Amino acid sequence: MTRFKSHMDTALAEASAAATRGEVPVGAVLVAPDGHVVAQAGNRTRELNDPTAHAEILVIREGCTRAGSERLPGYDLYVTLEPCPMCATAISAARIRRVYYAAADPKSGGVAQGPRIFSHPQCHHVPEVYDGIGAGEAEQILRDFFAARR
């Protein structure tokens with residue numbers, strides 16, 4: 001039996017680095033079935049002038065490139081904020097096995113909030129979802145980031 005190892009600390013570090021760059025502080029880590037980290041990133045929408053450059057999308061792109069496939073069965077994704085509808089759809093399309101997210105996103109979430117992508121009848125793949133891991137730290141990073149801009 002494989003022992004569970006959370007990679008949320010790495011995702012939180014990516015979120016903090018994104019904040020330092022002036023990006024909304026969200027970080028993600030993609031883990032291969034054998035447990036090694038394949039990709040890690042923070043949001044880069046402003047830096048890349050790309051509204052799709054969310055942390056989740058960036059690590060999924062890198063993971064698919066490394067795997068040589070558009071699907072990532074058996075891979076796990078750690079993200080500091082509940083994925084938005086776009087990212088949740090990409091997670092489903094990539095066939096990610098499990099999603100671990102820290103903070104809920106009542107405004108823009110797409111998993112437990114809003115459109116609840118994985119509950120939609122047109123969703124072709126539903127990953128296992130675990131929420132709340134590292135939520136307090138993720139929420140604080142977000143609060144500090146937005147407080148500094150108001």
Side-chain angles (χ1 to χ4, degrees), residues 1-105 108-120 122-142 145:
M1 182 168 93
T2 304
R3 190 172 176 169
F4 174 75
K5 178 190 180 334
S6 175
H7 294 274
M8 192 60 75
D9 286 345
T10 304
L12 289 162
E14 288 289 343
S16 293
T20 301
R21 294 189 307 272
E23 300 277 358
V24 173
V26 177
V29 175
L30 184 67
V31 180
D34 67 5
H36 80 274
V37 172
V38 173
Q40 60 190 70
N43 278 356
R44 294 189 177 275
T45 59
R46 292 185 175 155
E47 175 187 337
L48 299 175
N49 298 313
D50 180 356
T52 69
H54 290 197
E56 301 96 306
I57 299 295
L58 296 173
V59 299
I60 289 170
R61 286 176 182 159
E62 178 68 20
C64 287
T65 297
R66 288 179 180 223
S69 174
E70 77 280 11
R71 300 221 171 127
L72 299 167
Y75 285 68
D76 296 340
L77 177 70
Y78 292 80
V79 60
T80 59
L81 185 64
E82 176 184 350
C84 72
M86 174 186 70
C87 291
T89 302
I91 289 163
S92 177
R95 307 303 197 260
I96 302 282
R97 174 178 56 183
R98 293 185 194 110
V99 175
Y100 300 91
Y101 71 84
D105 188 355
S108 301
V111 176
Q113 319 285 326
R116 299 177 185 191
I117 297 299
F118 302 140
S119 299
H120 196 280
Q122 289 179 317
C123 183
H124 296 294
H125 169 77
V126 178
E128 294 175 34
V129 176
Y130 301 90
D131 63 347
I133 299 171
E137 189 173 346
E139 290 164 357
Q140 190 61 54
I141 292 168
L142 286 159
F145 177 80

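Because only heavy atoms are used, hydrogens play no part in the values below, and waters and symmetry mates are left out as well, while side chains stay in. No experiment lies behind these values; they were computed from the predicted model shown.
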Exercise for the section: Could you pull out all residues at least two apart from Tyr75 that satisfy ring-ring contact (aromatic ring centres under 6.0 Å, His included)? Expected result: none
Exercise for the section: Using the test side-chain hydrogen bond (donor to acceptor under 3.5 Å, both in side chains), find all partners of Asp76 that sit at least two apart in sequence or belong to another chain. Expected result: Arg97, Arg98
Exercise for the section: Search all heavy atoms of Ser92 against all heavy atoms of His125 and return the closest pair with its distance. Expected result: OG-O, 2.8 Å
Exercise for the section: Report the C-alpha distance between Val79 and Val26 in whole Å, list the side-chain angles of each, state the deciding distance to 0.1 Å, and finish with yes or no for side chain to side chain contact (heavy atoms under 4.5 Å, CB included). Expected result: CA-CA 7 Å; Val79 60; Val26 177; 3.9 Å; yes
Completion exercise
side chain to side chain contact (heavy atoms under 4.5 Å, CB included) filter on Thr89, not counting sequence neighbours, yields Ile117
Exercise for the section: Give me the ring orientation class for Tyr78 and Tyr100: parallel if the planes are under 30° apart, tilted from 30 to 60°, perpendicular past 60°. Expected result: parallel
Practice task
Could you pull out the closest heavy-atom pair between Ala88 and Gly110, with the gap in Å?
Solution key: CB-O, 4.1 Å
Fill in the blank from the handout: Sorted by chain and residue number, the side chain to side chain contact (heavy atoms under 4.5 Å, CB included) partners of Ala112 (sequence neighbours excluded) come out as Glu82, Tyr101
Exercise for the section: Provide the closest heavy-atom pair for Ile96 versus Pro127 in the form atom of the first, atom of the second, distance. Expected result: O-CB, 3.3 Å
Practice task
Output yes when a side-chain donor or acceptor of Thr80 lies under 3.5 Å from a complementary backbone atom of Gly27, and no otherwise.
Solution key: yes
Completion exercise
Exactly one of Leu77, Val37, Val29 clears side-chain contact (heavy atoms from CB on, under 4.5 Å) with Val59, and that residue is Leu77
Problem - With Arg66 via salt bridge (Lys or Arg N to Asp or Glu O under 4.0 Å) - residues at least two apart - result: Glu62
Problem - Nearest non-hydrogen partners of Leu81 and Glu56, listed with the distance - result: O-OE2, 4.2 Å
Completion exercise
For residues 20-31, the side-chain hydrogen bond (donor to acceptor under 3.5 Å, both in side chains) pairs (sequence neighbours left out) are Glu23-Thr45
Donor-acceptor contacts, no H, no angles, side chain residues 7-15, under 3.5 Å, sequence neighbours left out:
unit_1, atom_1, unit_2, atom_2, d
Glu14, OE1, Gly42, N, 3.3
Glu14, OE2, Gln40, NE2, 3.0

Fill in the blank from the handout: Residue set satisfying side chain to side chain contact (heavy atoms under 4.5 Å, CB included) with Thr52, at least two apart, ordered chain then number -> Asp50, Arg61, Met86
Atom pairs and distances, donor-acceptor, side-chain atoms in residues 130-138, under 3.5 Å, two or more places apart:
unit_1, atom_1, unit_2, atom_2, d
Tyr130, OH, Glu128, OE1, 2.5

Practice task
Measure the spacing between CD1 of Ile57 and SG of Cys84 and express it to the nearest 0.5 Å.
Solution key: 7.0 Å
Practice task
Kindly write out the residues that satisfy side chain to side chain contact (heavy atoms under 4.5 Å, CB included) with His36, not counting sequence neighbours, or none if the list is empty.
Solution key: Ala32, Asp34, Val38
Practice task
Would you list the pairs meeting side-chain hydrogen bond (donor to acceptor under 3.5 Å, both in side chains) in which at least one residue belongs to residues 110-119, sequence neighbours left out?
Solution key: none
Fill in the blank from the handout: Minimal heavy-atom distance between Gly63 and Leu30, with the atoms involved, is CA-CD2, 3.6 Å
Handout entry: Heavy-atom closest pair, residues Val24 and Asn43
Key = O-ND2, 3.1 Å
